[in-house]
Amino acid sequence: MTDDLAERKMQFMFALRSKGVTDVHVLTAMEKIDRGLFVKGLFADRAYEDTPLPIPCGQTISQPSVVGLMTQALKVSPRDKVLEVGTGSGYQAAILSQLARRVYTVERHRRLVAGAKEIFEILDLANVTAFAADGSFGLPDQAPFDRIIVTAAAEDAPGPLLAQLKVGGIMVVPVGQSDAVQSMIRVVRTETGFDYEEIRPVRFVPLVEGMARDN
Ligand code: SAH
């Protein structure tokens with residue numbers, strides 16, 4: 001590793017901590033999974049900045065500190081089966097693979113699924129499976145889940161996803177009526193219903209129903 005790269009990676013970890021990512025397991029996973037693999041082309045040299053960046057299909061890889069804070073809010077334990085909706089680059093799923101027993105991730109753009117699968121293979125992440133599917137309906141075949149993370153913004157926590165959460169399970173999802181005003185919420189399924197808690201304001205690309213047609 002050149003000194004410059006080492007320095008940028010140190011800054012990357014520093015930015016995570018200074019934005020409130022304090023969970024040591026999350027930090028360790030984010031130190032291990034190299035974001036540089038998930039950002040290609042023009043923006044590759046900005047992979048270690050704490051900023052969202054463009055990926056193919058007009059989507060974005062989320063801001064690292066937001067990935068860290070969402071992952072932290074999800075409270076993943078090593079026995080958990082996790083569903084991610086919105087694979088995108090595959091970065092968030094790769095982080096989750098370090099913390100959970102099993103990770104399923106779904107994405108509506110086939111091209112993104114293919115790109116993410118390639119990286120999972122390079123990294124030898126045997127506990128992650130990516131599917132091309134409309135994640136607004138979850139993944140009924142593998143349900144129920146201990147944890148669900150949605151990395152695209154919905155108006156509300158989607159009903160089919162709530163239904164696929166185990167009792168005691170946690171879902172983290174950005175919700176909002178517009179692109180500009182969204183907030184990340186944590187939903188806990190109890191014996192009798194759901195508890196909602198607002199965590200922080202965020203800004204995500206929208207959750208869109210149906211498979212994408214552009215590939
Ligand atoms: N978690 C990603 C970033 C996701 S950006 C990462 O780590 O890189 C949000 C992604 O959600 C986009 O790729 C978008 O195509 C996808 N998406 C939006 N609506 C969806 C849906 N209904 N089902 C599956 N994926 C969806």
Side-chain angles (χ1 to χ4, degrees), residues 12 16 21 26 29-30 33-41 43-44 46-74 76 82-100 103-120 123 125 128-140 142 145 147-161 164 171-176 179 182 184 202-215:
F12 178 82
L16 294 178
V21 183
V26 175
M30 293 187 77
I33 299 293
D34 184 356
R35 191 171 185 251
L37 288 172
F38 298 84
V39 186
K40 308 226 157 79
F43 295 93
R46 299 186 58 189
Y48 307 109
E49 291 177 23
D50 189 30
T51 181
L53 291 168
I55 57 172
C57 307
Q59 304 303 315
T60 54
I61 179 172
S62 311
Q63 183 176 351
S65 57
V66 172
V67 171
L69 291 169
M70 280 184 96
T71 309
Q72 192 165 280
L74 201 60
V76 181
V82 183
L83 172 67
E84 179 196 24
V85 175
T87 313
S89 66
Y91 181 61
Q92 171 76 71
I95 306 283
L96 291 168
S97 80
Q98 305 300 297
L99 303 167
V103 179
Y104 295 93
T105 179
V106 295
E107 167 60 53
R108 64 189 288 276
H109 286 277
R110 292 180 196 282
R111 178 174 167 202
L112 293 176
V113 174
K117 278 185 169 170
E118 259 175 40
I119 307 176
F120 299 155
L123 294 177
L125 305 179
V128 189
T129 313
F131 292 103
D134 178 358
S136 20
F137 298 102
L139 199 57
Q142 305 298 338
F145 298 96
R147 301 287 184 268
I148 298 179
I149 179 169
V150 186
T151 61
E155 276 193 19
D156 270 311
L161 295 183
Q164 290 173 27
M171 172 155 75
V172 173
V173 51
V175 295
D179 280 1
Q182 298 169 358
M184 171 166 114
V202 281
R203 200 157 179 186
F204 275 82
V205 297
L207 188 74
V208 180
E209 281 202 10
M211 288 298 292
R213 297 223 198 154
D214 55 352
N215 46 39

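Atoms within each ligand, like the ligands themselves, are counted from 1 in listed order.
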*Looking at atom 14 (C) of ligand 1, what's its closest protein heavy atom, distance included?*
Q59 OE1, 3.3 Å
*Tell me: protein heavy atom nearest atom 21 (C) of ligand 1, and distance?*
V208 O, 3.5 Å
*Should one rank V85, T105, T60 by closest heavy-atom distance to atom 3 (C) of ligand 1, which comes out on top?*
T60
*Classify the angle between the aromatic ring planes of Y104 and F131 as parallel (below 30°), tilted (30 to 60°) or perpendicular (above 60°).*
parallel
_Please determine whether any non-hydrogen atom of P206 lies less than 4.0 Å from an atom of ligand 1._
yes
*D134 vs R108 side-chain heavy atoms within contact, under 4.5 Å*: no
*Side-chain contact, heavy-atom cut-off 4.5 Å: Y91 with S62?*
no
*Within the structure, does E84 bring an N/O atom to less than 3.5 angstrom of an N/O atom in ligand 1?*
yes
*Can you spot which of T151, V205, V66, V202 makes a side chain to side chain contact (heavy atoms under 4.5 Å, CB included) with P174?*
V202
*atom 6 (C) of ligand 1: which of V150, T87, V106, T151 has the nearest heavy atom?*
T87
*Among all protein heavy atoms, pick the one closest to atom 16 (C) of ligand 1 and tell me residue, atom and distance.*
E107 OE1, 3.3 Å
*Nearest heavy atom to atom 8 (O) of ligand 1: which of S89, C57, A132 does it belong to?*
S89
*Nearest neighbour in protein (non-hydrogen) for atom 25 (N) of ligand 1*: R108 N, 3.3 Å
*May I ask you to check whether I61 has an N/O atom sitting below 3.5 Å from an N/O atom of ligand 1?*
no
_A133, G135, G86: member with heavy atom nearest to atom 4 (C) of ligand 1_ = G86
*Return the minimal non-hydrogen interatomic distance between G135 and V106, and the atom names on each side.*
CA-CG2, 3.5 Å
*For S136, counting its heavy atoms only, list the atoms of ligand 1 lying under 4.0 Å from any of them.*
22 (N)
*Starting from atom 7 (O) of ligand 1, find the nearest protein heavy-atom neighbour and note its residue, name and distance.*
Q92 N, 3.0 Å
